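A note on names: the letters A, B, ... follow the listed sequences, proteins ahead of strands, and every chain is numbered from 1. For clarity, every value in this text was computed on a predicted model and none was experimentally measured.
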There are 2 protein chains.
Amino acid sequence: MTDQVEGASHRPPPVHTHPDDVPLLTALSALADPVRIQLIRDLASRPDWALSCSNFDVPVGRAAKSHHFSVLRDAGLVEQRDQGAKRLNRLRREEFDARFPGLLDLTLRPDVTE
Amino acid sequence: MTDQVEGASHRPPPVHTHPDDVPLLTALSALADPVRIQLIRDLASRPDWALSCSNFDVPVGRAAKSHHFSVLRDAGLVEQRDQGAKRLNRLRREEFDARFPGLLDLTLRPDVTE
DNA sequence: CTCAGTGTTCGATGGCCATCGTACAGTGCT
DNA sequence: AGCACTGTACGATGGCCATCGAACACTGAG
């Protein structure tokens, strides 16, 4: 029925951590990984909620990918929303930037990769 | 004689990497460590060349400390200069900030530690 | 209901890294 | 020369983490 009101989701929604509750060390550790940097950049190149987890092109299996998204959620970098079987993603640009000014911009700059 | 000209140092000078040659991932990995963050903060709280390696109050032995300074050098964060038996340190504020704007400021902010 | 697709969880594994103790090399002082 | 101090190099160790395969749960479609 494509019902938006009677959600009745029989699946635990993803647990999020707000950037304001994230220690600096956690944020830096989350960003200090090539796969996660790639995920963030891919995410930034598309509109919010445009990509589900399986749409990301990274050289790891589903299990590892799921793990990486968990790390990104805990670091306040990514928000997830369930829609059907898919789990849609959004980069928490403004909130994360308010907590760690400039850090996300730095990560998204293509020239610092060398 | 406390000669400044006839240095004749029989010791290999420390190898440095300029921040411009440092990939983002290297910089983030270097900063994603509690001991190194402490070293950087201690360094920032004193004038340039004021501290030798042994002066830092970090809960690790000499060997580990030496390793950490090596990592910081490779990440373009610290410059070292030999003076006698001591090895003096300087935080490469401007150069590093030119390459990764805001990253060092973020690391030095005391409130993001939580 | 069955099936294909999506994502999480679990246990196991391999590798990287922070740390330590020790030995060693310079340096300056007596 | 002898000594105390500073820092590095080396080998070993322990722990953490990224990854995988497999099993499982949920979803929407046929």
Side-chain angles (χ1 to χ4, degrees), chain A residues 1-4 6-16 25-26 28-39 43 49-75 78-89, chain B residues 1-4 6-16 25-26 28-40 43 49-75 78-90:
Chain A
M1 203 184 283
T2 316
D3 198 344
Q4 304 115 312
E6 210 65 36
S9 177
H10 292 215
R11 182 167 43 152
V15 179
H16 291 102
L25 188 58
T26 303
L28 292 175
S29 300
L31 293 173
D33 180 281
V35 173
R36 289 193 285 266
I37 288 184
Q38 187 59 44
L39 290 177
L43 204 47
W49 313 119
L51 295 176
S52 68
C53 298
S54 61
N55 289 334
F56 291 82
D57 187 25
V58 275
V60 296
R62 305 185 304 286
K65 205 186 287 189
S66 179
H67 163 67
H68 283 303
F69 275 108
S70 171
V71 173
L72 292 177
R73 255 183 292 133
D74 292 347
V78 165
E79 184 183 355
Q80 294 186 312
R81 195 184 72 189
D82 285 342
Q83 175 174 321
K86 310 242 182 135
R87 182 158 280 189
L88 305 183
N89 299 275
Chain B
M1 201 186 284
T2 315
D3 197 346
Q4 306 115 310
E6 211 66 35
S9 177
H10 292 212
R11 181 167 43 150
V15 179
H16 291 101
L25 188 58
T26 303
L28 292 175
S29 300
L31 292 173
D33 180 281
V35 173
R36 289 193 285 265
I37 288 185
Q38 187 59 45
L39 290 177
I40 290 176
L43 203 47
W49 313 119
L51 294 176
S52 69
C53 298
S54 60
N55 288 336
F56 291 82
D57 185 25
V58 179
V60 295
R62 305 184 305 285
K65 205 186 286 189
S66 179
H67 162 68
H68 283 302
F69 276 108
S70 170
V71 173
L72 292 177
R73 265 196 324 259
D74 292 346
V78 165
E79 185 183 354
Q80 295 186 311
R81 197 183 71 189
D82 285 343
Q83 175 173 320
K86 309 239 182 140
R87 182 158 281 190
L88 306 183
N89 299 275
R90 167 191 161 252

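Separating the CG atom of B:Asn55 from the P atom of D:dC5 is a distance of 14 Å, rounded to the nearest angstrom. In this structure, A:Leu72 atom CG and C:dT8 atom P are separated by 12 Å, rounded to whole Å. Following rounding to the nearest Å, A:Lys65 (NZ) and C:dT9 (P) show an atom-to-atom distance of 16 Å. Residue B:Lys86 contributes atom NZ, which lies 12 Å from atom C1' of D:dA4 at whole-angstrom precision. The NE2-C1' distance, from A:His10 to D:dC24, rounds to 18 Å in whole Å. To the nearest angstrom, P of C:dC29 lies 11 Å from CD of B:Gln83. As rounded to whole Å, 14 Å separates atom P of D:dA9 from atom CZ of B:Phe69. One can place CG of B:Asp82 at 14 Å from C1' of D:dC5, the figure rounded to the nearest angstrom.
Between the CH2 atom in B:Trp49 and the CZ atom in B:Arg81 there is a gap of 5.5 Å [rounded to 0.5 Å]. Annotation: the span from B:Leu39 atom CG to B:His68 atom NE2 amounts to 7.0 Å, rounded to 0.5 Å. With rounding to the nearest 0.5 angstrom, the CD1 atom of B:Ile40 is 9.5 Å from the CG atom of B:Asp33. Separation of atoms OG (A:Ser54) and NZ (A:Lys86) is listed at 5.5 Å; rounding is to 0.5 Å. Between atom CZ of residue B:Arg36 and atom CG of residue B:Leu43 there is a gap of 14.5 Å, rounded to the nearest 0.5 Å. Taken from CG in B:Leu72 to CG in B:Leu31, the straight-line distance is 8.0 Å, to the nearest 0.5 Å.
Checked against C:dT27, C:dG7, D:dT8, the side chain of A:Ser54 finds its nearest nucleotide in C:dG7. Considering only side-chain atoms of A:Arg11, the nucleotide from D:dT27, C:dT8, C:dG26 that sits closest is D:dT27. Among D:dT27, C:dT9, D:dT8, the nucleotide with an atom closest to any side-chain atom of A:Ala85 is D:dT27.
Rounded to 10°, the angle separating the first-five-pair axis and the last-five-pair axis of the helix from C:dC1-D:dG30 to C:dT30-D:dA1 equals 20°.
Minimum interatomic distance between B:Pro12 and B:Asp82 (heavy atoms only, all atoms of both residues): O-OD2, 4.4 Å. Nearest heavy-atom pair, A:Pro14 versus A:Arg87, reported as atom, atom and distance to 0.1 Å: CD-NH2, 3.6 Å. Here the closest heavy-atom approach between residue A:Ala32 and residue B:Leu25 is recorded as C-CD1, 3.6 Å. Nearest approach of A:Asn55 to A:Ala50, heavy atoms of both residues: ND2-O, 4.4 Å. Between B:Leu88 and B:Ser52, the shortest heavy-atom distance links the atoms CD2-CB, 4.0 Å.
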Using the 3.5 Å cut-off, write out each protein N or O paired with an N or O of nucleotides 18-20 of chain D and the distance between them.
| from | atom 1 | to | atom 2 | distance (Å) |
| --- | --- | --- | --- | --- |
| D:dA18 | OP1 | A:Arg36 | NH2 | 3.2 |
| D:dA18 | OP2 | A:His67 | NE2 | 2.9 |
| D:dT19 | OP2 | A:His68 | NE2 | 2.2 |
| D:dC20 | OP2 | A:Gly61 | N | 2.7 |

Under 3.5 Å, N/O pairs linking protein and nucleotides 13-16 of chain D:
none

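B:Ser52 comes within 4.0 angstrom of sugar-phosphate atoms only, judged by non-hydrogen atoms across all strands, and of no base.
The only option from B:His16, B:Glu79, B:Gln80 that meets the side-chain hydrogen bond (donor to acceptor under 3.5 Å, both in side chains) definition with B:Arg73 turns out to be B:Gln80.
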